[in-house]
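Below, read A as the first sequence line, B as the second, and so on, with proteins coming before strands; counting in each chain starts at 1.
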Amino acid sequence: MSQPPLLLALDLTGTFAFGLNGALTAVRMVRLDLVGVLTLGMMTALGGGILRDILIGSLPPATFSDVIYLGVAAGGALVAFFISVELERFTKLITLFDAAGLAVFCVTGASKALVYGLGPVQAVLLGALTAVGGGTLRDIAIKRVPNVLTSDFYAVPALVGAALTVLAVRLEVYGVTVALLTAAVVFAIRMLGVRYSLHVPSTPRREEPEE
Amino acid sequence: MSQPPLLLALDLTGTFAFGLNGALTAVRMVRLDLVGVLTLGMMTALGGGILRDILIGSLPPATFSDVIYLGVAAGGALVAFFISVELERFTKLITLFDAAGLAVFCVTGASKALVYGLGPVQAVLLGALTAVGGGTLRDIAIKRVPNVLTSDFYAVPALVGAALTVLAVRLEVYGVTVALLTAAVVFAIRMLGVRYSLHVPSTPRREEPEE
Amino acid sequence: MSQPPLLLALDLTGTFAFGLNGALTAVRMVRLDLVGVLTLGMMTALGGGILRDILIGSLPPATFSDVIYLGVAAGGALVAFFISVELERFTKLITLFDAAGLAVFCVTGASKALVYGLGPVQAVLLGALTAVGGGTLRDIAIKRVPNVLTSDFYAVPALVGAALTVLAVRLEVYGVTVALLTAAVVFAIRMLGVRYSLHVPSTPRREEPEE
């Protein structure tokens, strides 16, 4: 993937952010050893792109093939391992980083799907999957109902970003500037969602079944 | 996949049924927002076919590429979102729809695996996977031990239907009529299983580990 | 895969061991019917290789295509189904079998990744994935936080074995003898880990969140 340097830099920032954030979220839920923290951090950072690449048949997956992505994701997870004790101090920063990853990945994910010849609807879904897939895999691995399924305003900005990207490609205005602008919009929507606790309509509350 | 119209109609009915049923089952277990209901409904409806297509290397997966399947699956999930409050009224209907989906998917799944050159044993397994894979993915996502693993008479009709399909292809009598007959047999076995609470032999009961 | 007979024999032994062990572990946690035991046993035995083959784009996956592997995995699971009552008697034997599977799979997994042109880092990760992936899928399916993520000394021997294999291939000394030696080293590390309860450093203990 010979991306423009700016997009590559953003993509790597997103990867680092997801590696860090993914590992921290995991550590908050389960006691993990170093291998577990690395595994979950890398799964969060690379999982969305890997799922997308499996679905478009681009194997081996790009981020898995590229040792730089592996290293950056592992670096994020390692930082998480060492700061996990004092993690409460960093909550805000982590949310920012995570929103940055979300913003970049939905744009690059959707545009890659189009490059591989998928239709616009599929490209929107794959863009969102690239952004939320890694965190979902992590949540499943640590026995947590994936955030994205419940009431967090998380999938919506990713879907919006992917849709804007598809639109831009169709209008033949897609490029580094538009990609950055789109990512900025996604970032803003996500942070507004966090700030004002926006929610998507939910099904009425039921009492938890005993199963 | 240029299927005969009748099989296509059945396949889409199965997809709608699984989208509806998958979303309803999810809503019964966890509180979900609209995005979550759509995700889980589509995952249930399309997941089995996507897993099969990954394993046979037919990427991008057929049902994912085809926007009609995406739309029908999403439609089923949307209906589920709006009727979820009064869902108890529809339990019987949902079981019927679900059995229809199971019946169609094991037949079309097994026959596609044979078309892609897999052996008979693999085709039987892939037929069953097509039928039960989506529901299994959904169950894992909502932290429920997949039904198919415990004591429901659910995988058996799918395995029987897939085996009959492989047999029919081998005997060179496979066609729309035979496919429909096979699906009818699977449907009948499944409904008998529900009616008479049939079970596969289980391991002896143990007390739940506290973990 | 035309492997040398000795490696094939080992690989099948590992498959049987994982089928048996995977099914027994599942039965210890959840009550399963015969279909569930077979599914989880085969998932444990074949899942790691299937994940590896998906990631390297070798589809359909080798162990899934080969009916001998399917049969051996199912055989292990069947044995588990019938001895599950008296399983406590076999705990030691099962640990030995499982260590054998781990030892073989990390070596054959890493060497296959290199054959398919992946880089050394990726081959190490894929070797370890081949060894621990099946058990991880099983744990997720039965709602258990995967062992490999918490504090078991399980991933480390697999990573060591995969790394030694990559090294041996690079030094052009890889062959049946070296493969067996490497597997023996992995086996020894794993059994020492079990014997002396070795652990990888963990994050500090927290109280369980109520979620």
Side-chain angles (χ1 to χ4, degrees), chain B residues 29-30 50-59 61 112-113 116-126 128-129 132-133 135-137 139-160 193 198-211, chain C residues 23-43 46-47 50-51 53-71 73-74 77-78 80-88 137-145 147 150 208 211:
Chain B
M29 309 292 296
V30 213
I50 288 176
L51 288 180
R52 175 205 57 208
D53 285 354
I54 291 174
L55 288 179
I56 63 179
S58 160
L59 298 173
K112 180 165 183 182
Y116 275 76
L118 279 95
V121 175
Q122 284 83 1
V124 171
L125 294 176
L126 287 172
L129 177 68
V132 309
T136 302
L137 288 180
D139 286 346
I140 289 173
I142 60 173
K143 287 207 313 183
R144 182 186 178 201
V145 171
N147 243 334
V148 72
L149 293 178
T150 51
S151 54
D152 219 2
F153 199 70
Y154 197 76
V156 171
L159 286 165
V160 169
L198 298 183
H199 289 311
V200 180
S202 290
T203 51
R205 189 176 291 283
R206 300 161 174 286
E207 55 276 32
E208 280 287 303
E210 45 274 58
E211 189 174 349
Chain C
L24 281 179
T25 308
V27 162
R28 231 179 283 187
M29 309 292 296
V30 214
R31 190 153 182 264
L32 297 165
D33 66 12
L34 183 54
V35 174
V37 171
L38 278 170
T39 305
L40 288 171
M42 293 175 77
M43 192 186 273
L46 308 174
I50 288 176
L51 289 178
D53 286 354
I54 290 173
L55 289 178
I56 65 180
S58 159
L59 298 172
T63 50
F64 181 73
S65 308
D66 193 336
V67 85
I68 297 179
Y69 280 90
L70 291 175
L78 265 186
F81 185 76
F82 288 113
I83 70 165
S84 73
V85 188
E86 28 198 347
L87 91 119
E88 268 71 31
L137 289 180
R138 176 208 54 211
D139 286 347
I140 289 172
I142 60 173
K143 286 208 313 182
R144 184 187 176 197
V145 171
N147 243 333
T150 51
E208 278 289 303
E211 187 171 351

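- Nearest heavy-atom pair across C:Lys143 and B:Arg144 is CD-N, 4.0 Å.
- Across C:Ala26, C:Pro61, C:Gly57, the residue that shares the most heavy-atom pairs under 4.5 angstrom with chain B is C:Pro61.
- C:Leu70 and B:Gln122 make their closest contact through CD1-NE2, 3.5 Å (heavy atoms, listed as atom of the first residue, atom of the second, distance).
- With a threshold of 4.5 angstrom between heavy atoms, B:Ile140 approaches chain C through side-chain atoms but not through N, CA, C or O.
- The contact between C:Ile50 and chain B is made entirely by side chain atoms (from C-beta outward), counting heavy-atom distances below 4.5 Å.
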Take C:Asp33 and B:Phe153, measure what side chain to side chain contact (heavy atoms under 4.5 Å, CB included) needs, and give me the verdict at the end.
CA-CA 9 Å; C:Asp33 66 12; B:Phe153 199 70; over 6 Å; no
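- Looking at heavy atoms from C-beta onward, B:Tyr154 lies out of side-chain contact with C:Val35 at the 4.5 angstrom threshold.
- B:Pro146 approaches C:Ala141 most closely through the heavy-atom pair CD-O, 3.1 Å.
- Interface residue B:Leu118: only side-chain heavy atoms are found under 4.5 Å from chain C.
- Per-residue heavy-atom pair counts under 4.5 Å with chain C were compared for B:Thr136, B:Ile56, B:Asp139, B:Ile54, and the maximum is reached by B:Ile54.
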